[in-house]
Amino acid sequence: MITAFKKHIESNALYTTKHKIIVAVSGGIDSSVLLHLLHACKYKCIVAHCNFGLRGKESDADELFVKKLANKYSFPFRSIRFETSNYAIEHGISIQMAARDLRYNWFNELLEIEESEAIAIAHNKNDVAETMLLNLSRGTGIRGLSGIQVQLGRITRPLLFAKRDKIETYANANKIKFREDSSNKQTKYKRNRIRHIVIPELEKLNPSFIDSISLSATNIKASVDFYSDCILKIKNEIITTKKDQFFINIAAIKNNKHGHIILYELLREYDFNGIQCDAIYQSLTKQAGNLFSSLHYTLNVDREQLIISKQKDKIPSTVLIKKSTKEISVPIALKIEKKTLGKKKYDPIQSSKIASLDVKLLQFPLTLRLWETGDRFRPLGMRSSKKLSDFYTDIKLSRAEKECTYVITSNNEIVWVVGHRIDDRYKITTETNAIVVINVM
């Protein structure tokens, strides 16, 4: 085991005995064996332990155990306690995701504080299989099937060569003490269900399943690298940059039989998710002017190109449109114009991108906001109101298009579903003498 351990570290050029390594130790068998191996190979280590406070006295006992383990090897000990449940609730994520975020954020801080070259995590070959199956069930795509990387930045995994049964054999042979986490046996967690139910069934079909899927992960990783090189070449050919904006040639996307996946790969760099990318791709065959927003970027579908701009400020959830407002740029670009008709007849331009409304029926300031569940309005030409969700179904909006649809309201009533339909109560009539025209730019 020690020979294979050294070979794995050396072949992947993870570190030398001159490096200072932070070792993440939970107290379980994997991390306890990892710490034993690093000590046996005379690496300089700092032991780091996270107490997530999820199992009461059991969590505290784990922390004390790891502290004693660090003392046994004469390694410095660092620990931290988290309010994991509160963090998960505040951020609307699972306990597992909360623990992961908290753990890696602290590890990154510790790397700087301790001026350490790397952090060692005790993932093993079984974890690769579990992660691949978990990602397969989530539909994460080819990258999610490339397994767990031996090294990612300063995060290293020197036990990734070993299967769990080999680790257990080594622990027993060397009388290595460790703690059993009771939650590891609970199949309410997805990873545990895969570990205790799915993988044993697959091993009945193929006793070498763990080795086989690990090899598949290596092959897929090579494919991902090749795939990424191809995407990079395409990116250099069809994306141009001017100042703080990025321009993607629409024709190059539409004319490529793999245009959909190419667009996804290009836009994921700008924080757009798969659902948004689907909507953007669909919009390429429609009238120009659609606007999409990610966490840090906005994307405008122009006639010949997609224009991506970095957001200078956080996009506000609502924007007020005053009587004096002539134009707004975020969260979507609108041009607002007031006109007095007098005796002139006005024929509204028949375009879903333009709303012509009777000024006297409006109460300023108007509000621009994302639509909400429960919103209702009276679509132009109808005598009764309709749920906005039903209206979206009628006009066959995709889920992604629904997510980024805005409405303009007057006194909390919807006057325009932006880019789609005005409310019949605010339309221009023969009695109208002043109008406001709002145009999606």
**OP:** Using a strict cut-off of less than 4.0 Å between a Lys/Arg side-chain nitrogen and an Asp/Glu carboxylate oxygen, indicate whether Lys125 and Asp211 qualify as a salt bridge.
**Re:** yes
Subject >> Asp302 (side chain) donor-acceptor with Gln305 (main chain) under 3.5 angstrom >> reply: no
**OP:** May I ask you to check whether Tyr281 and Tyr264 place their ring centers less than 6.0 Å from one another?
**Re:** no
Original post:
Is the number of heavy atoms from other residues, nucleotides or ligands within 6.0 Å of NZ (Lys20) greater than 12?
Top reply: yes
Original post:
Is a side-chain donor or acceptor of Asp424 paired with a backbone partner of Gly381 at a separation under 3.5 angstrom?
Top reply: yes
Original post:
Should the heavy atoms of other residues, nucleotides or ligands under 6.0 Å from CD of Gln96 be counted, would the total exceed 12?
Top reply: yes
Original post:
Less than 4.0 Å between a side-chain N and a carboxylate O, is that true for Glu130 and Arg164?
Top reply: yes
**OP:** Kindly state whether the ring of Tyr406 and the ring of Trp416 have centres lying under 6.0 angstrom apart.
**Re:** no
Original post:
Does any non-hydrogen side-chain atom of Leu357 lie less than 4.5 Å from one of Ile428?
Top reply: no
Subject >> Ile414 CD1 to Arg376 CZ distance, which is reported to the nearest 0.5 Å >> reply: 10.5 Å
**OP:** Verify side chain to side chain contact (heavy atoms under 4.5 Å, CB included) between His8 and Val150, making sure each step is shown before the conclusion.
**Re:** CA-CA 9 Å; His8 179 71; Val150 175; 3.9 Å; yes
**OP:** Take Ile22 and Cys45 through the test side chain to side chain contact (heavy atoms under 4.5 Å, CB included) and record every step on the way to the result.
**Re:** CA-CA 6 Å; Ile22 293 172; Cys45 300; over 6 Å; no
**OP:** Determine, stepwise, if the pair Ile262 / Lys235 fulfils side chain to side chain contact (heavy atoms under 4.5 Å, CB included).
**Re:** CA-CA 9 Å; Ile262 290 171; Lys235 175 183 175 181; over 6 Å; no
**OP:** Spell out, as yes or no, whether a donor-acceptor pair under 3.5 Å connects the side chain of Glu117 to the backbone of His19.
**Re:** no
**OP:** Ignoring hydrogens and angles, tell me if any N or O in the side chain of Ser283 forms a donor-acceptor pair with the backbone of Ile280 under 3.5 Å.
**Re:** yes
**OP:** Check whether any side-chain heavy atom of Leu306 sits under 4.5 Å from a side-chain heavy atom of Phe247, and report yes or no.
**Re:** no
Subject >> Note: Arg157-Asp127 ion pair, threshold 4.0 Å (strictly below) >> reply: no
Original post:
Do Ile119 and Thr156 come close enough that some side-chain heavy atom pair is under 4.5 Å?
Top reply: no
Original post:
Which of these passes side-chain contact (heavy atoms from CB on, under 4.5 Å) with Arg369: Leu320, Val407, Ile408?
Top reply: Val407
Original post:
Can you say whether the rings of Phe246 and Tyr297 are parallel (under 30°), tilted (30 to 60°) or perpendicular (over 60°)?
Top reply: perpendicular
Original post:
What do you reckon, is NZ of Lys353 surrounded by more than 12 foreign heavy atoms closer than 6.0 Å?
Top reply: yes
Subject >> Residues, nucleotides or ligands: over 12 heavy atoms within 6.0 Å of Glu115 CD >> reply: no
Subject >> Which atom of Ala120 lies closest to which atom of Leu38, heavy atoms considered >> reply: CB-CD1, 4.4 Å
Original post:
Which atom pair, heavy atoms only, marks the closest approach of Val415 to Ser410?
Top reply: CG1-CB, 3.7 Å
Original post:
How many angstroms lie between atom CG of Leu110 and atom CD1 of Ile46, to the nearest 0.5 angstrom?
Top reply: 6.5 Å
Subject >> Closest non-hydrogen atom pair, Ala24 against Ser31 >> reply: O-CB, 3.6 Å
**OP:** Identify the two heavy atoms, one from Ile199 and one from Ala129, that lie closest to each other, and give their separation to 0.1 Å.
**Re:** CD1-CB, 4.2 Å
**OP:** Using a strict 4.0 Å threshold on nitrogen-to-oxygen distance, state whether Glu431 and Lys360 make a salt bridge.
**Re:** no
Original post:
Hey, does Glu304 have a side-chain heavy atom less than 4.5 Å from the side chain of Ile250?
Top reply: no
Original post:
Which pair of non-hydrogen atoms, one from Glu265 and one from Tyr227, has the smallest distance, and what is that distance?
Top reply: OE2-OH, 2.7 Å
Original post:
Can any side-chain N or O of Thr340 pair as donor or acceptor with the backbone N or O of Ala434 at less than 3.5 Å?
Top reply: no
Original post:
Is there a donor in the side chain of Asn51 and an acceptor in the side chain of Asp60, or the other way round, less than 3.5 Å apart?
Top reply: yes
**OP:** Count the heavy atoms of every other residue, nucleotide or ligand shown that sit under 6.0 Å from NZ of Lys326, and state whether that count exceeds 12.
**Re:** no
Original post:
Hey, mind stepping through Lys204 and Phe209 against side chain to side chain contact (heavy atoms under 4.5 Å, CB included) and telling me if it holds?
Top reply: CA-CA 9 Å; Lys204 290 178 182 178; Phe209 173 74; over 6 Å; no
Original post:
For Ala99 and Thr84, which heavy atoms make the closest approach, and how far apart are they?
Top reply: N-CG2, 3.9 Å
**OP:** Decide yes or no for Tyr104 and Ile121: does some side-chain heavy atom of the first lie under 4.5 Å from some side-chain heavy atom of the second?
**Re:** yes
Original post:
Is there a donor-acceptor contact under 3.5 Å linking the side chains of Ser32 and Arg179?
Top reply: no
Original post:
Counting only N and O atoms by type, is there a donor-acceptor contact under 3.5 Å from the side chain of Asn124 to the main-chain atoms of Asn126?
Top reply: yes
Original post:
Are side-chain heavy atoms of Glu112 and Asn108 found at a separation under 4.5 Å?
Top reply: no
**OP:** Answer yes or no: are there more than 12 heavy-atom neighbours, outside Glu58 itself, under 6.0 Å from its atom CD?
**Re:** yes
Original post:
Under the 6.0 Å and 45° cation-pi test, does Lys322 pair with Phe364?
Top reply: no
**OP:** Determine yes or no for a side-chain-to-main-chain donor-acceptor pair under 3.5 angstrom, with Ser26 supplying the side chain and Gly28 the backbone.
**Re:** yes
Original post:
Is the shortest distance from a Lys or Arg side-chain nitrogen in Lys427 or Asp358 to a carboxylate oxygen in the other one below 4.0 Å?
Top reply: no
Subject >> Reported CZ-to-SG distance for the pair Arg81 and Cys50, which is rounded to 0.5 angstrom >> reply: 12.0 Å
Subject >> Gap separating the OH atom of Tyr15 from the CD atom of Glu10, nearest 0.5 angstrom >> reply: 12.0 Å
Subject >> Spacing of CD belonging to Gln245 relative to CG belonging to Asn300, to within rounding of 0.5 Å >> reply: 9.0 Å
Subject >> Side-chain donor or acceptor of Asn256 paired with backbone N/O of Ala252 under 3.5 Å >> reply: no
Subject >> Side chains of Ile80 and Phe82 in contact at under 4.5 Å (non-hydrogen atoms) >> reply: yes
Original post:
Below 4.0 angstrom, N of the basic side chain to O of the carboxylate: do Lys233 and Asp229 qualify?
Top reply: no
Original post:
With a 4.5 Å heavy-atom cut-off, do Glu413 and Thr409 have their side chains touching?
Top reply: no
Subject >> Distance, nearest 0.5 Å, that separates NE2 of His260 from CG of Leu284 >> reply: 10.0 Å
**OP:** Taking His49 for its side chain and Val25 for its backbone only, find out whether a donor-acceptor pair lies under 3.5 Å.
**Re:** yes
**OP:** Examine Phe292 together with Phe272 and report whether their ring centres are nearer than 6.0 Å.
**Re:** no
Original post:
With no hydrogens and no angle check, is any side-chain donor or acceptor of Asp375 less than 3.5 Å from a backbone partner on Glu372?
Top reply: yes
Subject >> Carboxylate-amine/guanidinium proximity below 4.0 Å for Asp423 and Arg378 >> reply: no
